[in-house]
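Take a look at the structure set out below.
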Amino acid sequence: MGFYTSSGPPLILLLSLFAASTIAAEDQPPLPGLPPSEQEATYLALESIDPETAWRSLFPDDLCLAGPHGVVCDLLPDGTLHVTELNFGYLSDFSANPACGPNATLSPVLSSSAASAFPFLRKLFFYNCFTHAKAALPGRELNLPSSLEELVFVQNPSLVGRLSGRIRDLPRLRRLIISSSGISGNIPAEIGKLRSLEQVVLSENRLRGGIPATIGRCRSLKILDLSGNRIGGDLPVEIGRLGELVKLDLSSNLIRGSFPVELGRLQRLEFLDVRHNRLTGGVPTALAEMASMREVYLSGNPMGGRIPEIWEKLGGILGVGMSGLGLVGNIPSTMGVFLENVRYLALDGNFLEGKVPEQFKRLERSAGEINLENNALQGRIPFSAGFVDRLGGKLKLAGNPKLCLGEDLVGHVSAKGSLTYLERCNKTEIPYPVDFRYGSGLSIAKISPWLFVSFSCLLLVFR
């Protein structure tokens with residue numbers, strides 16, 4: 001009879017299983033260790049981002065088996081173990097990468113000699129590391145491993161230098177992200193040789209020059225964000241070749257000229273932001289072909305012209321920003337007809353005139369903010385009391401002295417305290433739908449009461 005535990009299998013069986021697993025483990029070859037050169041290079045990298053921490057004492061063993069969170073290793077098909085990711089900068093308790101100290105520097109082992117130090121590195125990530133002491137991206141000395149797929153610098157204001165043309169030596173690079181830093185100079189034309197690129201985010205830096213036409217060769221690109229720089233020149237028509245592009249953000253630059261019609265080929269584009277540039281030539285008619293569009297922001301460009309009839313295929317749009325474009329003429333009624341999902345609509349700061357289309361009442365189903373301030377609009381506003389209540393201060397109509405409130409809104413608005421800057425409409429400005437027919441099919445669909453009485457008196461005189 002065997003020995004049993006209080007609620008389990010015989011104790012002798014457990015001992016036998018343990019012995020068998022121990023023998024099996026002894027038969028297995030030991031796990032490979034990190035090559036000494038990579039172990040040393042990793043220590044040097046850690047010491048460069050925080051020289052005050054005793055990394056070698058804290059992590060004396062193999063850094064792949066017992067290292068800090070941001071050091072990631074992989075077992076390659078040939079059975080060797082190598083560092084494949086280096087992530088620096090504390091993000092959260094869930095991503096507790098090694099924190100960077102106030103005197104963090106960009107070690108040569110992470111830039112000019114990284115190719116030899118980390119031959120299998122796939123990701124190099126820095127978050128909020130270079131904030132005090134200046135750290136420079138090497139130029140011609142840049143020597144990253146060709147295996148690199150992600151190069152990410154986020155919120156590193158003391159990172160300076162220029163993007164090197166040697167970036168062309170990274171054929172597998174999928175993500176190039178350098179945002180909120182002090183890098184300057186031009187975007188190198190060699191970026192067009194990175195055919196695997198899916199994301200290019202170079203926002204909030206000090207980049208100058210133009211957007212290289214070679215960017216059109218990066219056919220896998222899904223996100224292109226160059227916002228918040230000093231980039232000038234015209235928009236390259238070659239951007240229209242980026243058929244996979246989903247997001248294009250070029251806001252807050254110095255880009256001039258008109259919006260190329262070739263960009264209408266961007267059938268998958270969902271987000272377009274070109275605010276605060278120097279674009280001219282009117283609201284782009286190329287938008288009419290971008291049926292996947294969800295958000296489009298054009299504000300702060302001297303585009304001029306009228307709002308074109310481009311909305312029929314754009315029913316999925318959630319946000320439209322066209323403030324301060326110098327727009328003239330009337331607001332197309334088709335905006336109210338087709339923008340049935342819009343949540344944000346800004347047409348403020350233009351020279352628009354005429355009435356707010358009656359079709360804008362259809363926007364009540366989805367809109368969360370409508371801004372028509374500072375135009376020359378006139379007449380009765382078409383919105384209901386319930387909608388006015390729901391939007392409150394996000395229904396912005398000030399700066400249109402000739403806009404007015406219908407009888408259904410006057411008492412309601414004064415009680416609620418919203419839109420009190422608008423006057424009551426004259427009765428001649430309030431439509432009265434009347435179906436009036438006389439004689440051989442004459443029909444008057446909208447007629448005011450005083451005109452109806454006058455017309456009836458005329459009929460009596462001539463009977």
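What you see is a predicted model; the values in this text were computed from it and never measured. These numbers come from the heavy atoms of this one structure, side chains and all, not from hydrogens, waters or symmetry mates. For the single chain, residues carry numbers from 1 onward in sequence order.
You'll find the side chain of Val200 reaches within 4.5 Å of the side chain of Leu221, heavy atoms only. Residues Leu325 and Phe351 are not in side-chain contact: their nearest non-hydrogen atoms beyond the backbone lie 4.5 Å or more apart. Side-chain atoms of Val296 and Leu298, non-hydrogen and from C-beta on, do get closer than 4.5 Å to each other. Side chains of Ile167 and Leu194 form a contact here, defined as non-hydrogen atoms less than 4.5 Å apart. A 4.5 Å side-chain heavy-atom check between Leu137 and Ile183 finds at least one atom pair inside the cut-off. Residues Ile187 and Ile215 have side chains not in contact (no heavy-atom distance under 4.5 Å, counting atoms from C-beta outward). Counting heavy atoms from C-beta outward, Leu314 and Phe338 have side chains that stay 4.5 Å or more apart. At least one side-chain heavy atom of Leu235 sits under 4.5 Å from a side-chain heavy atom of Ile211.
In terms of heavy atoms, Pro236 sits closest to Ala213 at CB-CA, 4.3 Å. Among all heavy-atom pairs drawn from Ala117 and Ala41, the shortest one is CB-CB, 3.8 Å. Residues Phe130 and Ala104 come closest through the heavy atom pair CD2-O, 3.7 Å. Taking every heavy atom of both residues into account, His132 and Ser158 meet most closely at O-OG, 3.2 Å. Glu204 and Asn229 get closest at one heavy-atom pair: N-ND2, 4.1 Å. In terms of heavy atoms, Ser164 sits closest to Leu142 at CB-CD2, 4.1 Å.
To the nearest 0.5 Å, atom CZ of residue Arg174 and atom CD of residue Glu198 are 5.5 Å apart. With rounding to the nearest 0.5 angstrom, the OH atom of Tyr127 is 6.5 Å from the CG atom of Leu91. Note that the CG atom of Asp389 and the OG atom of Ser384 stand 8.5 Å from one another [nearest 0.5 Å]. The distance from the CG atom of Leu248 to the CZ atom of Phe271 is 9.5 Å, given to the nearest 0.5 Å. Atom CG of Leu176 sits about 9.5 Å away from atom CG of Leu148, to the nearest 0.5 Å. Expressed to the nearest 0.5 Å, how far CD1 of Ile177 lies from CD1 of Ile223 amounts to 7.5 Å.
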Check your understanding: What do the steps show when you test Glu369 against Lys396 for salt bridge (charged side-chain N to carboxylate O under 4.0 Å, His left out), and what is the final call?
Key -> CA-CA 8 Å; Glu369 181 172 348; Lys396 303 175 182 180; 3.2 Å; yes
**Study point:** Audit row: Ser181, Asn205, side chain to side chain donor-acceptor pair (under 3.5 Å) steps and yes/no
**Key:** CA-CA 5 Å; Ser181 81; Asn205 297 302; 2.6 Å; yes
Practice item. Could you check Glu358 against Arg380 for salt bridge (charged side-chain N to carboxylate O under 4.0 Å, His left out), going step by step and ending with a plain yes or no? Key: CA-CA 9 Å; Glu358 287 291 325; Arg380 182 184 64 90; 2.5 Å; yes
**Study point:** Check against salt bridge (charged side-chain N to carboxylate O under 4.0 Å, His left out), Arg268 and Glu244
**Key:** CA-CA 6 Å; Arg268 298 189 179 182; Glu244 299 296 317; 2.7 Å; yes
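Taking a cutoff of 4.0 Å between a charged side-chain nitrogen and a carboxylate oxygen, Asp74 and Arg122 qualify as a salt bridge. Salt-bridge check for Lys361 with Glu364: passed, with a basic side-chain N closer than 4.0 Å to an acidic carboxylate O. Under the 4.0 Å criterion applied to side-chain N and carboxylate O atoms, Glu407 and Arg424 are assigned as salt-bridge partners.
Looking at Arg390, its side chain does come within 3.5 Å of a backbone N or O of Ala367 through a donor-acceptor pair. Without hydrogens or angle criteria, Asn375 side chain to Leu372 main chain gives a donor-acceptor distance under 3.5 Å. Proximity of a side-chain donor or acceptor of Trp311 to a complementary backbone N or O of Pro308 within less than 3.5 Å is detected. Of the possible donor and acceptor atoms, one in the side chain of Asn350 sits under 3.5 Å from a partner among the backbone N and O of Gly326. Remark: the backbone N or O of Lys394 is not paired with any side-chain donor or acceptor of Asn371 at under 3.5 angstrom. Remark: side-chain polar atoms of Asp225 are not paired, donor with acceptor, to backbone N or O of Leu202 under 3.5 angstrom. In terms of modelled atom types and a separation under 3.5 Å, the side chain of Ser147 and the main chain of Leu121 share a donor-acceptor contact. Without hydrogens or angle criteria, Thr131 side chain to Asn128 main chain gives no donor-acceptor distance under 3.5 Å. For Ser203 (side chain) and Ser227 (main-chain N/O), no donor-acceptor pair under 3.5 Å exists by modelled atom type. No donor-acceptor pair closer than 3.5 Å links the side chain of Asn87 to the backbone N or O of Val71.
Classification of the Phe360-Phe383 ring pair by plane angle, with boundaries at 30° and 60°, yields tilted.
Summarising the local packing, CD of Glu423 is surrounded by 12 or fewer heavy atoms from other residues, nucleotides or ligands at distances under 6.0 Å. Summarising the local packing, CZ of Arg168 is surrounded by more than 12 heavy atoms from other residues, nucleotides or ligands at distances under 6.0 Å. Heavy atoms from other residues, nucleotides or ligands lying under 6.0 Å from CD of Glu312 number 12 at most. In the displayed structure, Arg206 atom CZ is contacted under 6.0 Å by at most 12 heavy atoms of other residues, nucleotides or ligands. Counting heavy-atom neighbours within 6.0 Å of Tyr421 OH, excluding the residue itself, gives a total above 12. Within 6.0 Å of atom CZ in Arg172, 12 or fewer heavy atoms from other residues, nucleotides or ligands are found, so the atom counts as exposed in its surroundings. Within a 6.0 Å radius of CZ in Arg343, other residues, nucleotides and ligands contribute 12 heavy atoms or fewer.
The one candidate from Asn156, Leu163, Val152, Val201 that meets the side chain to side chain contact (heavy atoms under 4.5 Å, CB included) condition with Ile178 is Leu163.
Between Ser180 and Gln155, the side chains place no donor N or O within less than 3.5 Å of an acceptor N or O (distance only, hydrogens not considered). Residues Ser112 and Asn143 bring no donor and acceptor atom of their side chains to less than 3.5 Å of each other.
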